[in-house]
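Predicted, not measured: the structure shown is a model, and the values here were computed from it.
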Amino acid sequence: MRRPQRTQRTLRGRLALMALITGAVWVAVLTTAFNLALEKRLHEQADDVLRTRAEAVASTVEARPDGRLVVHEPAQDQALDSGVWIYQGRRIKERPPGAPAALQRRAEQLAGGHEVFGDVAVGADGGSGATRLYALPVPAASGPGQAGTVVASVSLDAYRSTADAALAGSLALAVLLLGTVYLLTRLVVGRALRPVAEMSDQATRWSEAGAPERFGAAGRPAELASFATSLDALLDRLAAVLRHEQHQAAALSHELRTPLARITAETEWLARRPRTAAEQDTSHEAIAHAAATMRQICDSLLSEARTRGAQTPGSCRFPALAEDIARRIAADHPGAPAVAVTGEPVIAGVPAAVAERILMPLLDNARRYALHTIAVHCTAGAGQVTLYVSDDGPGVPEEFRGALFEPGRRADPGDGHDGAGLGLALARRLARAAGGDLTLTAAGPGARFAVTLPAG
């Protein structure tokens, strides 16, 4: 039986659920604390009412020297006598009419003991409910001692009703608050994650079209800027790996084509007509040599693939590479203008050997024609690296710029400088094969070339 697939949980739902759980814990703590504090306060109010009633009744009781208690009945004292017992010692003098037996027994216990408060799980009318009692001693008229006791009672039903209403209200408010928190959290998180969704849509479109665009960190919040930078670096690395694999496949195809053609030709040559033993041995040796060459090529490529490290294949760092080339030019041509290398550290997604073969013709031309200065400047863009090579020489004539990158063409073959006019053409071909380009960017005094290479 096939199990149903679980619905994928979204980040927005998880964050909203976490906010709901956290809010529920805090609301539960606050609601419990509030209701406990309210219940305590209601008990304190009930105790204050009991003390007030007992003291009011005790003020009408007179203790005589002979030990008797005399109760002075004020006018309209029905409210005062309600729920009040007056004891002389253990003997009752007054009691509320119709008092339940449970309340009567509890009042007698308070009058004859040392307890001050007592609770009974019965209402004042004998029904369900709760009643609280308070015992106030009546001091003797002469000397220490106690002449009697006044026991007052009050029903706790009103207080419990208030506590229950407060509990129900706080629970309803808690549910409403948690629902609001959950909805608002989903809304806020959804709005906060909208840029991430937009980046995901962009990545989907780019992957379908194979576009070289990058996200870039400009105009994004700090967190998304860091995320976009990391994604761009990952995309650059993947692009560099893909270019390396493409170059490796092209190199494999090129390297294997020659020995394979040799094997095919020798096989056809042997099959067409009989050959002497010496000719057959020669063909066999040629076939074996070509096969050994193919095997060596395959072994070398497989060994390179196994031993490849964590570094991005086919990448190089600027301006370090340009500085190394500048030092070698200075050592080989002591009288040439010095090459000044500037710019930010960048990584190009091409092997160092390829980048050097692109730069060397430009620097050779600059060395030949520069008067005082040669400059190399490195900058990073969206998914690409740009290297500017400039000099303060006579520059490129206007009429020759259209043929500048044609093989074998020179602006002035008789200018006294060596060269066959192939350097710039080969440099542009290499740059374009690596996914970049080589262009002349500025007119006027001197020449300024821009080499764009994919970022590594």
For Arg160 and Asp157: C-alpha separation, side-chain torsions, deciding distance, then whether salt bridge (Lys or Arg N to Asp or Glu O under 4.0 Å) applies.
CA-CA 5 Å; Arg160 289 193 173 181; Asp157 293 343; over 6 Å; no
Could you please spell out the steps behind the side-chain contact (heavy atoms from CB on, under 4.5 Å) verdict for Leu438 and Phe449?
CA-CA 7 Å; Leu438 170 60; Phe449 293 89; 4.1 Å; yes
Can Val389 and Leu363 be said to form a side-chain contact (heavy atoms from CB on, under 4.5 Å), step by step?
CA-CA 7 Å; Val389 180; Leu363 292 173; 3.9 Å; yes
Run the side-chain contact (heavy atoms from CB on, under 4.5 Å) test on Glu55 and Val150 for me, step by step, so that the C-alpha distance in whole Å, both residues' side-chain angles and the decisive distance to 0.1 Å come before the verdict.
CA-CA 8 Å; Glu55 290 172 355; Val150 175; over 6 Å; no
Evaluate Val350 against Cys316 for side-chain contact (heavy atoms from CB on, under 4.5 Å), listing each step before the verdict.
CA-CA 6 Å; Val350 297; Cys316 58; 4.2 Å; yes
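With hydrogens and angles disregarded, a donor-acceptor distance shorter than 3.5 Å links the side chain of Ser59 to the backbone of Ala56. The backbone N or O of Thr131 lies less than 3.5 Å from no partner atom in the side chain of Ser155, so there is not a single donor-acceptor pair. When atom types are taken as modelled, the side chain of Arg106 and the backbone of Val120 share no donor-acceptor pair closer than 3.5 angstrom. For the pair Thr52 (side chain) and Asp48 (backbone), a donor-acceptor distance under 3.5 Å is present. Counting only distance, with no hydrogens or angles, the side chain of Asp391 and the backbone of Gly446 share no donor-acceptor pair below 3.5 Å. Not one N or O on the side chain of Thr452 forms a donor-acceptor pair closer than 3.5 Å with the backbone of Thr386.
Side-chain contact check for Leu110 versus Thr149: every heavy-atom pair is 4.5 Å or farther apart. For the pair Ser153 and Val84, the minimum side-chain heavy-atom distance is 4.5 Å or more. At a threshold of 4.5 Å between non-hydrogen side-chain atoms, the residues Arg448 and Leu440 do not count as touching. By the 4.5 Å heavy-atom criterion applied to side chains, Val451 and Tyr388 are not counted as neighbours. Within the 4.5 Å cutoff, no side-chain heavy atoms of Pro337 are placed close to those of His372. For the pair Ile86 and Val71, the minimum side-chain heavy-atom distance is below 4.5 Å. Between Ser170 and Asn35 the shortest side-chain heavy-atom distance falls below 4.5 Å. For the pair Ile325/Met360, a side-chain contact is recorded, criterion being any heavy-atom separation below 4.5 Å from C-beta on.
Closest heavy-atom contact between Glu356 and Leu321: N-CD2, 4.4 Å. Smallest separation of non-hydrogen atoms from Ala163 and Leu38: CA-CD2, 4.4 Å. Heavy-atom minimum distance, Ala450 versus Thr441: CB-CG2, 3.1 Å. Smallest separation of non-hydrogen atoms from Ala447 and Val396: CB-CG2, 4.3 Å. Of all non-hydrogen atoms in Val122 and Ala102, the two that sit nearest each other are CG1-CB, 4.1 Å. Here the shortest heavy-atom pairing between Ala147 and Ala63 reads CB-CB, 4.0 Å.
Rounded to the nearest 0.5 Å, atoms CG (Leu184) and CG (Leu177) are 9.5 Å apart. The CZ atom of Arg428 sits 5.5 Å away from the CG atom of Asp437 when rounded to the nearest 0.5 Å. The distance from atom CD of Gln45 to atom OH of Tyr159, rounded to the nearest 0.5 Å, is 6.5 Å. Separation of atoms CE (Met18) and OH (Tyr182) is listed at 13.5 Å; rounding is to 0.5 Å. For the atom pair CZ of Phe117 and CZ of Arg132, the computed distance is 5.5 Å after rounding to the nearest 0.5 Å. The CG atom of Leu178 sits 11.0 Å away from atom CD1 of Ile21, with the distance rounded to the nearest 0.5 Å.
Using a 4.0 Å cut-off between charged side-chain N and carboxylate O, Arg51 and Asp47 make no salt bridge. For Arg41 and Glu39, the salt-bridge test fails: no basic side-chain N is under 4.0 Å from an acidic carboxylate O.
A side chain to side chain contact (heavy atoms under 4.5 Å, CB included) with Tyr87 is found for exactly one of Lys93, Glu108, Arg95, namely Glu108.
Summarising the local packing, CZ of Arg357 is surrounded by 12 or fewer heavy atoms from other residues, nucleotides or ligands at distances under 6.0 Å.
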